[in-house]
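Here the structure is laid out as structure tokens; the discussion comes afterwards.
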Amino acid sequence: MAINTTATPLIDAPRGLAGVVVTETEIGDVRGREGFYHYRQYSAVELARTRGFEDVWHLLVHGTLPDAERRAAFNAETAALRRLPEEVRSALPAIAAASRVPGPLSGLRTALSLLGSARGLRPVYDIDADRRRADTLAVCAAVPTLLTALYRLGQGLHPVEPRDDLPYAANYLYMLTGEEPEPRRARAVEQYLISTIDHGFNASTFTARVIASTGADVAACLVGAVGALSGPLHGGAPSRALDTLDAIGTPDRIDPWIRERVLAGDRIMGFGHAVYRTEDPRSRMLREIAQSFGGPRVDFAVEVERRVEAILAELKPGRELHTNVEFHAGVVMELCGLPREMFTPTFAAARVVGWSANILEQAADSKIIRPVARYVGPTPPVAVPAAL
Ligand SMILES: CC(C)(COP(=O)(O)OP(=O)(O)OC[C@H]1O[C@@H](n2cnc3c(N)ncnc32)[C@H](O)[C@@H]1OP(=O)(O)O)[C@@H](O)C(=O)NCCC(=O)NCCS
């Protein structure tokens, strides 16, 4: 029997807070049964098909899509923030050299923290809405610069300075490779990034909001969110879906490989979703993008998708298991020349914008998020034993 130490009655929430409404939001939502998700009042997939990344970023943090004049101003404002302060730039080689894990996501946490203090970010509690928004732009705009620099340093290469004249996605690819990307590759990555900006009240978004509710600065909120995203149950690993394609190898091996895994109780990476019971709308768009590139890898992926869905429908009837965002995202990123260890970091380069919108919304509400846990240990107070 728990002792109620709070002034309010205790309510038991389900495990994982599943189905618990904890706040209201105007940022967006996911309708799992309909296979639909939206940013503000617009279909996210339609935005990805028709708009540039910066337009959707503007929509998320300002609440409206920009007109031509606002677009030019916002693009210039964010492009100017891509360059890193010298204190951060000079620290990156040490951060990259200290890392013993693949990919730059853990280095991003360290670098973001440093960027926040180097830019003098103050607690959101102490600043007005305009200053908070400016802080989110300053941090988000620098994320691709940090990620690509950390990646290149890890490969023994020099970082590539950002270019102000390229859009967000094209500049990201440029900083990664040192070469201006082919327009259709830049656009494919841009569409992936837009489709990944936000996706309901997921664990990293909730984390960002919990930290924002304490009044901490924007960088602190984003560092926590990156930490949450890095967990395998969340940030996923689009690279794991590609590993599956590699492991199957050839079309004749699809059926036996998949059947054996599913009958052994394994999960096939890139299939199933906690919310969607229909096809994941992101998956549909990414498949179309992959097919616009064409080639044997894409044909094989589409064949694997078709066969796996059929086998899962047979072996797991009624579960409605379809491809999720990870499956074709991996294929698209591979086609665009992104190395596998940059897949989850690329996800983070988009999601920072969604986290930022959530931080701004949360910061406008001064109520701290502070649930309670039911204590189930030995009944206190037990006398503290004398030290031996
Ligand atoms: C995404 C995921 C965690 C969602 O889980 P969930 O909605 O909680 O699904 P459940 O755990 O309720 O699973 C329902 C049933 O479908 C099965 N199932 C779910 N995803 C499966 C998959 N990818 N392959 C094979 N079987 C799967 C489960 O084993 C379960 O079967 P059971 O009822 O016989 O036990 C799960 O589908 C999964 O692990 N997918 C693979 C990993 C992946 O692609 N992650 C990226 C997500 S964006």
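Each ligand, and each atom within it, is numbered from 1 in the order the structure gives. Bear in mind that the values here come from a model prediction, so they are computed numbers and not experimental data. Note that the numbering runs from 1 along the sequence shown for the chain.
Distances below 4.0 Å separate heavy atoms of G270 from the following atoms of ligand 1: 43 (C), 44 (O). Taking every heavy atom of A274 and a limit of under 4.0 angstrom, the matching atoms of ligand 1 come to 4 (C), 7 (O). Residue contact check: R277 has heavy atoms under 4.0 Å from atoms 7 (O) of ligand 1. Each of the atoms 1 (C), 37 (O) of ligand 1 lies under 4.0 Å from some heavy atom of G272.
Using a 3.5 Å distance cut-off with no hydrogens or angles, the side chains of H322 and T278 do not pair a donor with an acceptor. Side-chain atoms of Y125 and S366 include no donor-acceptor pair closer than 3.5 Å.
Taking all heavy atoms of E320, R267, H273 into account, the minimum distance to atom 7 (O) of ligand 1 is reached by H273. Across the listed options L321, D266, I311, L321 owns the non-hydrogen atom lying nearest to atom 17 (C) of ligand 1.
Judged as a salt bridge (charged side-chain N to carboxylate O under 4.0 Å, His left out), and not counting sequence neighbours, R319 has no contacts.
Hydrophobic cluster of L157: no remaining members, since no ILVMFWY side chain lies below 4.5 Å from it.
Contacts between M269 and ligand 1, counted as non-hydrogen atom pairs separated by less than 4.0 Å, involve both the backbone and the side chain.
Taking distance alone, with nitrogen or oxygen atoms compared against 3.5 Å, V262 stays at or beyond that limit from ligand 1.
The residues D243 and R340 are annotated as salt-bridged, a charged nitrogen and a carboxylate oxygen being separated by less than 4.0 angstrom.
For H199 and Y276, the ring centers sit closer than 6.0 Å to each other.
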